[in-house]
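Have a look at the structure below before the remarks.
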Amino acid sequence: LPALGVAIGVAVAQTSSASRTTLPFVALALVMVFALLPTLLPKGTFTLRPGVGPVVLSRMLANGVLIAVEAYFLLYLQSERGWDPGPAGLVVTIGSVTWALGSFVQTRMLDTGTRIRAARTGAVLVTIGALFALTITIDRLPAWIPIAGWALAGFGMGLMYSIMAVLALEYTPKERHGEISGSRQIADSAGAAIGLSLFGAVMVGFAGTSVNPFMAGFAMMAGFALLSVISVGRVPNLTGPDLTPDDANR
């Protein structure tokens with residue numbers, strides 16, 4: 001039932017974020033999502049309690065930022081800067097290439113300490129990329145500058161994404177690997193859906209005001225990326241000498 005409630009809440013939030021009159025439904029739907037998500041994710045996920053919670057939350061936040069920023073970045077290039085879909089789509093290609101490169105780099109890291117440091121670096125790069133994406137709203141700034149910044153976000157995501165999955169399993173008892181894998185998938189999907197919903201709601205909410213709706217949306221996503229940096233900062237607590245896999249999941 002909680003999973004069904006989250007699915008319904010996300011669906012309502014996404015479909016209701018296209019009109020200002022339906023924004024209250026977005027708020028109610030997201031409240032329901034955030035009320036139910038803790039029952040589907042590891043304990044302590046949203047309180048950053050030492051354990052696998054910060055690992056799952058970091059992926060959730062970073063994935064939401066990446067999906068939402070990339071979607072609206074392309075929209076801005078086409079609707080505000082007059083780019084054709086083909087050239088605008090190169091942004092996705094560039095981000096995918098740098099993500100693959102980051103993923104390759106992290107495969108060379110074999111010890112947990114190095115992985116954690118790489119994940120922290122990746123979260124910082126995603127945040128920097130989100131801040132660069134915000135500059136696309138400065139029309140006098142050449143588009144290649146925010147695009148280059150977004151390439152950094154792709155590389156950062158490649159560094160941290162798989163590492164977070166490895167750490168989640170490494171600090172979970174084998175008999176609970178299926179459970180934690182399911183939690184990660186729920187968090188990833190929820191993060192993307194929430195990011196898109198919130199960005200759409202901000203776009204509608206600031207439409208017709210003196211504030212650039214795109215700028216407001218990108219700024220919010222940069223804030224979420226910064227939260228992922230804070231969340232990853234809690235991950236080293238998993239590696240304390242007295243912390244066992246069972247402790248990490250309490």
Side-chain angles (χ1 to χ4, degrees), residues 1-14 26 29-71 99 102-103 106 115-116 118-120 122-123 125-127 130 153-154 156-173 176-199 220-238 245 248-250:
L1 287 179
L4 179 61
V6 169
I8 293 174
V10 166
V12 171
Q14 287 188 308
V26 176
L30 290 177
V31 167
M32 181 173 72
V33 169
F34 283 112
L36 294 175
L37 265 181
T39 66
L40 302 174
L41 302 180
K43 293 180 179 179
T45 295
F46 292 103
T47 59
L48 297 181
R49 190 174 69 188
V52 296
V55 178
V56 174
L57 182 61
S58 299
R59 278 177 56 115
M60 177 179 169
L61 289 168
N63 197 49
V65 169
L66 194 87
I67 297 298
V69 170
E70 194 167 69
W99 183 326
S103 296
Q106 65 85 26
R115 288 172 180 163
I116 291 174
R120 295 176 69 180
L125 290 177
V126 171
T127 303
M157 196 66 173
L159 276 181
M160 71 175 293
Y161 199 71
S162 296
I163 288 175
M164 291 291 98
V166 172
L167 289 175
L169 295 177
E170 187 173 344
Y171 295 101
T172 302
R176 297 188 61 192
H177 279 187
E179 176 187 340
I180 197 64
S181 295
S183 295
R184 285 192 293 104
Q185 292 177 354
I186 291 171
D188 291 349
S189 300
I194 291 170
L196 289 169
S197 299
L198 286 174
F199 205 124
M220 178 179 62
M221 290 299 109
F224 285 166
L226 183 59
L227 288 178
S228 76
V229 174
I230 296 173
S231 181
V232 174
R234 297 289 290 171
V235 173
N237 289 305
L238 294 173
N249 287 275
R250 286 178 183 169

Nearest non-hydrogen partners of R120 and G233, listed with the distance: NE-CA, 4.4 Å
Please report the closest heavy-atom contact between P42 and V52, naming both atoms and the distance. CB-CG2, 3.5 Å
Find out whether V232 and V126 are in side-chain contact, i.e. whether some heavy atom of one side chain is under 4.5 Å from a heavy atom of the other. no
For M220 and F199, which heavy atoms make the closest approach, and how far apart are they? CE-N, 3.7 Å
Sidechain-backbone polar pair: T45 side chain, L57 backbone, donor-acceptor under 3.5 Å: no
For I180, which of L41, T172, V55 qualifies under side chain to side chain contact (heavy atoms under 4.5 Å, CB included)? T172
Donor-acceptor contact below 3.5 Å, side chain S228 vs main chain A225: yes
Could I get the full list of side-chain hydrogen bond (donor to acceptor under 3.5 Å, both in side chains) partners for E179, not counting sequence neighbours? R176
Within a strict 4.5 Å, meaning less than it, do heavy atoms of the I186 and L37 side chains meet? yes
N/O donor-acceptor pairs under 3.5 Å from side chains in residues 156-166, not counting sequence neighbours:
from : atom 1 : to   : atom 2 : distance (Å)
Y161 : OH     : R59  : NH2    : 3.2
Y161 : OH     : D188 : OD2    : 2.8

For T127 and V229, which heavy atoms make the closest approach, and how far apart are they? OG1-CG2, 3.3 Å
Partners meeting salt bridge (Lys or Arg N to Asp or Glu O under 4.0 Å) with R184 (sequence neighbours left out): none
Over all atoms of both residues, closest heavy-atom pair of A187 and M60: O-CG, 3.3 Å
Q106 (side chain) donor-acceptor with S103 (main chain) under 3.5 angstrom: yes
Applying the side chain to side chain contact (heavy atoms under 4.5 Å, CB included) test to I194, which of V33, I67, L61, N63 qualifies? V33
Got a sec, which residues hit side-chain hydrogen bond (donor to acceptor under 3.5 Å, both in side chains) with S58, two or more places apart in sequence or on another chain? S231
Just to verify, what does I230 make a side-chain contact (heavy atoms from CB on, under 4.5 Å) with, not counting sequence neighbours? L48, L227
